[in-house]
Amino acid sequence: MNTTTSTPTTEDLVPAPTSASQASTYQQLRAHLAALKLHAAAEHLPTVLATAQSEGWSMTATLEHLLAREVDATEARKLAGRLRFASLPTPATLADFDFDAAPNVDRKLIDELATCRYLESATNVLLIGPPGVGKTHLAVGLGRAAAEAGYRTYFTTAADLAARCHRAAIEGRWATTMRFFAGPTLLVIDELGYLPLPGEAASALFQVVSQRYLKTSIVLTTNRGVASWGEVLGDTTVAAAMLDRLLHRSVVLNLDGDSYRLRAHHAHNDALRAATTGTRRPLH
Ligand code: ADP
Ligand code: MG
């Protein structure tokens, strides 16, 4: 080995070749890794070889360590790609969901959903509740968990889905767009019911739901109870048919109660009040 220096450079870490032929074999190995685009393995080659020599690793163990660096880098790249494609609107995760603030949410059920097993049976998840209770947070968290577990995931809103389908119809790309929304293993559709989706928009959503039925999962959030979906979709028959497909294999979470935003607002006001008057209004 080289003499020790306080800050070893890459060259220090490369085992000193004992012969010219060893040096050229090393250069060839680097060239092979570069030709095969195994850039992470190429980058880690000096350190892996140096550690192999100092720790007395077998050839098998050395190769395993080297290729593991490449596999790690490939996995990280794929994950970054899946997360980019997923288009999640916020960094919310299931881990930072505060269950104490949402007593109606069954933690065990969310833990089960976090395993992503529901995706294997093409089960849908419906999150129903008034604004501010954490529907989007949970939907984004489920999306992130799915992408991290290796599933192709895509996040959209009901309004955006309808607008894209409308543009697609005008531009003659209907079939391509339907294939796009059929593709991901998990499709998150946020905010059904905030805007009415009559006529063409409702049938686009219906078609997306139908073609995924029993094949791939949908996580859908809505502020409207299922009884008023006829109103939202402007057609009770379409609403009933869509609900049939969504609910057939599904988990429904009713998130009722105090809005998280209002809760923070109340707490903030309470803190201000306490600071100014020295009294504290009891919470609820
Ligand atoms: P909704 O989609 O039901 O209108 P959001 O998911 O957008 O509500 O929640 C509003 C804000 O409050 C978001 O910033 C979200 O992260 C936060 N929030 C809501 N509920 C919780 C919770 N139980 N734990 C942590 N953050 C929450
Ligand atoms: Mg929301």
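Residue indices begin at 1 and follow the sequence shown. For ligands, and for the atoms within them, numbers begin at 1 and follow the listed sequence.
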Legend entry - Derivation and outcome, side-chain hydrogen bond (donor to acceptor under 3.5 Å, both in side chains), residues Ser217 and Asn124: CA-CA 5 Å; Ser217 298; Asn124 299 319; 4.9 Å; no
Inset, instruction - Kindly confirm or rule out an N or O of Val133 lying under 3.5 angstrom from an N or O of ligand 1. - result: yes
Inset, instruction - Going by heavy-atom distance to atom 3 (O) of ligand 1, choose the closest among His137, Lys135, Glu191. - result: Lys135
Legend entry - Options Gly132, Pro130, Pro91, ranked by nearest heavy atom to atom 4 (O) of ligand 1, top entry: Gly132
Inset, instruction - Supply the members, apart from Tyr213, of the Ile/Leu/Val/Met/Phe/Trp/Tyr cluster built from side-chain contacts under 4.5 Å; use none for a lone residue. - result: Leu214
Inset, instruction - Could you tell me how the ring of Phe180 sits relative to the ring of Tyr154: parallel (under 30°), tilted (30 to 60°) or perpendicular (over 60°)? - result: perpendicular
Inset, instruction - Measure Leu138 to ligand 1 on non-hydrogen atoms and call it side chain, backbone, both or neither using the 4.0 Å cut-off. - result: neither
Legend entry - 4.0 Å heavy-atom contact, Asp96 with ligand 1: yes
Legend entry - Per-atom contacts, ligand 1 versus Asp98 - under 4.0 Å to a heavy atom: 22 (C), 23 (N), 24 (N), 25 (C)
Inset, instruction - Examine all N, O or S atoms of Thr221, backbone included, and report whether one is under 2.8 Å from the Mg ion (ligand 2). - result: no
Inset, instruction - Establish, from distance only, whether the side-chain atoms of Thr221 and Asp190 form a donor-acceptor pair under 3.5 Å. - result: yes
Inset, instruction - May I ask you to say whether Glu231 pairs ionically with Arg224, meaning some side-chain N is under 4.0 Å from a carboxylate O? - result: yes
Inset, instruction - With sequence neighbours excluded, tell me which residues meet ring pair (Phe, Tyr, Trp, His ring centres under 6.0 Å) with Phe206. - result: none
Legend entry - Contact check, Pro131 vs ligand 1, heavy-atom distance below 4.0 Å: yes
Inset, instruction - Please could you name the atoms of ligand 1 that Gly134 approaches to less than 4.0 Å, counting only its heavy atoms? - result: 1 (P), 3 (O), 5 (P), 6 (O), 8 (O), 9 (O), 19 (C), 20 (N)
Inset, instruction - Kindly work out whether a path of hydrophobic side-chain contacts (I/L/V/M/F/W/Y, heavy atoms less than 4.5 Å apart) joins Val232 to Leu127. - result: no
